[in-house]
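All of these numbers come straight from a predicted model, not from anything done at the bench.
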Amino acid sequence: MRDRACFALALAASACFGCGGSPRSTDALQAELAALELDTAGAEAPDLVQAARAALEQARAAEARGDLVATSDFAVIARLTASTAVEESARIRLETETLETERETLDAEARVLAAERASSEAALELTRSAAARTAREAGAAALVRAELDEARPGRAAHLSLTQSAEVRAAATAIRARARLLRAAAVAMGATSPASLEDLLARSEASHDHLEALALADRAHEAARGLLGDARRAAPGVDAARIASLVEAASSEGFHPITLERGTAIELDHVFDGASARPSAAGAARLGRLATLLSSYPDGAVLVEVDAATTADATRLSPGRATAVVHALVQSGLPASRVSAAVTPGPSATPAPGVRVRAVLVAYASATPPSGGAIVPTPAPEPSQTPSGESD
């Protein structure tokens with residue numbers, strides 16, 4: 001179609017050219033085509049370029065045999081076809097450049113969308129982390145309230161509206177914590193038992209706030225045990241597991257510190273007065289400590305009890321350490337794993353009440369994990385160290 005149009009234009013121009021004009025030489029025609037940069041149009045319009053060159057050759061042949069009319073006709077065809085080829089080449093290049101620009105624009109928009117999506121995901125992850133932290137803090141506060149409640153002679157049969165709201169929020173937070181522990185255990189290859197799912201469902205469905213809290217606490221304990229089983233199946237202590245221990249101890253309301261001899265978990269107010277037996281609240285805390293220690297099953301656990309005076313270090317601390325060991329074993333910690341350490345003497349930083357410390361010796365690290373600070377092991381003075389062996 002395009003060749004026919006060019007041919008028609010050529011015929012018209014030829015007819016007009018014959019009206020009193022004289023044909024140009026084919027050398028001049030070749031110079032004109034060269035000036036149009038016909039070669040550069042070959043990539044986009046090869047058929048038109050070929051037709052223009054064919055017309056030039058025909059014009060040369062006509063000129064050689066002295067046919068001036070044919071020479072003029074073929075010259076016009078060559079010029080028009082060459083001009084059309086150049087214009088077609090320019091149009092195709094412009095379209096190509098436009099498409100490339102559009103493609104680059106689309107790519108840039110895609111990169112912007114990806115960056116916005118990544119930013120949104122990061123913001124969502126921060127929100128999730130903040131929510132998880134709030135849940136952990138609420139759960140720890142609820143456990144402390146539960147300990148104090150257990151320590152009272154009689155548990156309240158009825159709750160005020162404020163207390164009911166607090167207990168309900170605490171049960172929700174503890175269930176969320178249990179689900180996190182369950183998810184961690186499943187990620188390590190464990191299978192969540194139906195009993196754990198049942199405890200969570202019953203806690204969520206219960207209209208009795210105290211019952212919901214008790215069921216949530218049992219689910220939390222079961223999830224912690226499940227995670228311990230998963231860790232026992234994949235033994236080994238690394239920086240990530242030490243950091244996990246520190247975070248878990250903090251979420252349970254304990255105070256984790258990193259010593260040269262291992263990672264320690266401290267708790268106060270286990271004993272009342274000069275008693276060598278844990279109080280009711282202290283026993284509840286030791287039960288939760290045993291569950292936590294069971295979920296980190298690597299290596300031995302040494303129990304230390306700080307003393308306010310040298311007399312306490314000799315008279316009370318050994319018996320209290322033994323009582324703590326007994327309570328931990330009664331709560332399910334293997335007796336072969338836990339033992340009482342020799343009390344070094346009076347605490348350099350005495351705290352109100354008695355401080356109990358469980359040291360996980362396998363969880364020692366030269367670099368303190370997040371949440372803990374390395375505390376040098378105190379060197380006991382000979383006069384303050386009991387002569388007897390640990391129990």
Atom of A223, atom of A178 and distance for their closest heavy-atom approach = CB-O, 3.4 Å
Contact check, side chains of S339 and L302, non-hydrogen atoms, under 4.5 Å = yes
query = Under 4.5 Å between any side-chain heavy atoms of F254 and R288, yes or no?
reply = yes
task = Could you tell me which non-hydrogen atom of A171 sits nearest to which non-hydrogen atom of A216, and how far apart they are?
result = O-CB, 3.7 Å
inquiry  = Taking the side chain as everything from C-beta on, heavy atoms only, tell me whether Y296 gets closer than 4.5 Å to I242.
reply    = no
task = Determine whether L286 and L292 fall in the same hydrophobic cluster, where Ile, Leu, Val, Met, Phe, Trp and Tyr are linked whenever their side-chain heavy atoms lie under 4.5 Å apart.
result = yes
key: Donor-acceptor pair, side chain of S295 and main chain of L227, under 3.5 angstrom   = no
Partner set under salt bridge (Lys or Arg N to Asp or Glu O under 4.0 Å) for R103, not counting sequence neighbours = E100
query = Any donor-acceptor pair under 3.5 Å linking the side chain of R320 with the backbone of D306?
reply = no
ask   = Any idea which heavy atoms bring Y363 and T263 closest together, and the distance?
value = O-OG1, 2.6 Å
ask   = Does CD in Q50 sit with more than 12 non-hydrogen atoms of other residues, nucleotides or ligands closer than 6.0 Å?
value = no
query = Does a side-chain N-to-carboxylate-O contact under 4.0 Å join R224 and E221?
reply = no
task = Please identify each residue that fulfils salt bridge (Lys or Arg N to Asp or Glu O under 4.0 Å) with R337, with sequence neighbours left out.
result = none
message = Using a 3.5 Å distance criterion without hydrogens, assess whether the side chain of S203 forms a donor-acceptor pair with backbone atoms of L199.
response = no
key: Euclidean distance, D217 CG relative to I174 CD1, rounded to 0.5 Å   = 5.5 Å
request  = State the CD1-CG distance between I77 and L56, to the nearest 0.5 angstrom.
outcome  = 12.0 Å
key: Nearest non-hydrogen partners of A82 and A52, listed with the distance   = N-CB, 3.7 Å
task = Please round to the nearest 0.5 Å and tell me the distance separating atom CD of E63 and atom CG of L68.
result = 8.0 Å
Closest heavy-atom pair and its distance - S331, G287 = OG-CA, 3.6 Å
inquiry  = Is there a path of hydrophobic side-chain contacts, each under 4.5 Å between heavy atoms, that joins L226 and L333?
reply    = no
query = Ion pair present between E87 and R91, side-chain N to carboxylate O less than 4.0 angstrom?
reply = no
ask   = Which pair of non-hydrogen atoms, one from A59 and one from A75, has the smallest distance, and what is that distance?
value = CB-N, 4.0 Å
ask   = Are the side chains of I92 and T96 in touch, meaning some heavy atoms are under 4.5 Å apart?
value = yes
inquiry  = Per the side chain to side chain donor-acceptor pair (under 3.5 Å) rule, what does the pair list look like for residues 104-115, sequence neighbours excluded?
reply    = none
ask   = Are L259 and R357 close enough that some pair of their side-chain heavy atoms sits under 4.5 Å apart?
value = yes
ask   = Going hydrophobic residue to hydrophobic residue with side-chain gaps under 4.5 angstrom, can you get from L210 over to L200?
value = no
inquiry  = Test of understanding: clusters of I, L, V, M, F, W, Y form through side-chain heavy atoms closer than 4.5 Å, transitively. Do V301 and V270 belong to the same one?
reply    = yes
task = I would like to know whether R285 and L289 meet side-chain contact (heavy atoms from CB on, under 4.5 Å); could you show each step before the answer?
result = CA-CA 6 Å; R285 301 196 79 191; L289 176 61; over 6 Å; no
ask   = Is the backbone of A240 close enough, under 3.5 Å, to the side chain of S244 for a donor and an acceptor to pair up by distance?
value = no
task = Return each pair, listed once, that meets side chain to side chain donor-acceptor pair (under 3.5 Å) where at least one residue sits in residues 270-280; pairs must be two or more places apart or across chains.
result = none
inquiry  = Do L293 and I265 have side chains that approach each other closer than 4.5 Å (heavy atoms only, starting at C-beta)?
reply    = yes
Pairs of donor and acceptor atoms involving the side chains of residues 191-198, under 3.5 Å and at least two apart or interchain, shall be tabulated with distances.
residue : atom : partner : partner atom : Å
S192    : OG   : E197    : OE2          : 2.4
E197    : OE1  : R182    : NH1          : 2.6
E197    : OE2  : R182    : NH1          : 3.0
D198    : OD2  : R202    : NH1          : 3.4

message = Within this structure, what is the CD-OG1 distance for the pair Q58 and T71, rounded to the nearest 0.5 Å?
response = 11.0 Å
query = Residues two or more places apart in sequence or in another chain: which of them pass salt bridge (Lys or Arg N to Asp or Glu O under 4.0 Å) with E204?
reply = R179
